[in-house]
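The next block holds one structure in the form of structure tokens; read it before the comments.
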Amino acid sequence: LMGDDYLQEYYDQMAATESYLNQAAQSAQDAIYAGVENAVAGLNSQKGTIEQAGQAANQAAQQIYMDTINPNGATAEQLAALGLRTSGLTESSVISAGNSLQQSVNSNAQNTANQLAQIDLAITQARNSGDIAAAQALEQYYAQIASQQAAQAQAVLAYRQQQAAQQLAYQQWLYEQQWNQQMFGYTQQQDAFNQQMQLAQLQMAQEQAAWDKQLAQSQMDWENKQYSSNKAYDTVMQALALGSLPSHSMIVAAGLNDADVYSMWQNARKRLGLA
């Protein structure tokens, strides 16, 4: 390809790369939110267990109360009703046992409410952390798009400058050839002009081919690097969402640093109840 046809193909390739980055950004956000929702579902599933534990504690307190006010069983209670035997408990003891039962029920209710509140807080923190992680992922992809657009502008400018330089050199060469034709004769100079023109066109074609090849290789290298970095970043985010600490090499490949990832890992473990 030559001239503006080459530029149009280059623009199309850069647009395709930008579209890929946008899709990758959306995929990263979806993965983060999916991990958060899985963690939230796990936390919600714990609420039923907490409520069941509270009910079991209330039943145990009720049984203690019944054992306290009727220590000798149903038969002793019937005998006491007939005046043949007493239960051995005073009214104050019965009142005290009732107060203990009520205190146990109240305490169990408060403990259950506190634990459910902790679950709700963990859910809120998990979703807030997911929003932050998604924003950070989106910021990184947009930074890559901006970098790609800057590289695109620089490449176009360099190409236009090369075109202008080639055109100027070609005009200078034409002027010199016209001068030589006037000085040394039209026939001989016409042959030389044709030969040099062919050589110049061949050289320009070779330079253009070399430029196309170099630019295509640079684009391929850049896309491969971005793909590896994006894949590593997705792997790091997925590992953190599951409470796992990625390896140092994976963190470096994702373009992150150990301190930030370690902090994110600690937060993830807290959200998942692993810390």
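Values reported hereafter were calculated over all heavy atoms of this structure, with side chains retained and with hydrogens, waters and symmetry mates removed.
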* Asked: Near Gln195 CD, under 6.0 Å, is it more than 12 heavy atoms from other residues, nucleotides or ligands?
  -> no
Output the distance between atom [atom1] ([X]) and atom [atom2] ([Y]), rounded to the nearest 0.5 Å.
X	Y	atom1	atom2	answer
Gln166	Gln208	CD	CD	7.0 Å
Gln266	Leu245	CD	CG	9.5 Å
Ser244	Arg269	OG	CZ	8.5 Å
Met237	Asp234	CE	CG	9.0 Å

* What about Met220 and Trp211, same hydrophobic cluster or not, with Ile/Leu/Val/Met/Phe/Trp/Tyr joined at side-chain heavy-atom distances under 4.5 Å? -> no
* Are Leu242 and Leu256 linked, directly or through other ILVMFWY residues, by side chains that come within less than 4.5 angstrom of each other? -> no
* **Closest non-hydrogen atom pair between Ala254 and Val236, with its separation** => CB-CG2, 4.0 Å
* Structure fact -> Here the pair of heavy atoms bringing Val261 nearest to Pro246 is CG1-CD, 3.9 Å
* Classify the ring geometry between Trp265 and Tyr262 as parallel (under 30°), tilted (30 to 60°) or perpendicular (over 60°). => tilted
* To do: Mark yes or no for whether Ser228, through its side chain, and Asn224, through its backbone, hold a donor-acceptor pair below 3.5 Å.
  => yes
* To do: Would you please name every residue forming a side chain to side chain contact (heavy atoms under 4.5 Å, CB included) with Thr235, sequence neighbours left out?
  => Met250
* Which residues share a side chain to side chain contact (heavy atoms under 4.5 Å, CB included) with Gln198, sequence neighbours left out -> none
* Would you indicate whether the side-chain heavy atoms of His248 and Val252 approach each other to under 4.5 Å? => yes
* State, with a plain yes or no, whether a side-chain heavy atom of Gln217 is found less than 4.5 Å away from one of Asp221. => yes
* To do: Ignoring hydrogens and angles, state whether a donor on the side chain of Glu207 or Gln203 is under 3.5 Å from an acceptor on the partner side chain.
  => yes
* To do: Take Gln59 and Gln55, measure what side chain to side chain donor-acceptor pair (under 3.5 Å) needs, and give me the verdict at the end.
  => CA-CA 6 Å; Gln59 292 175 357; Gln55 293 172 1; 5.7 Å; no
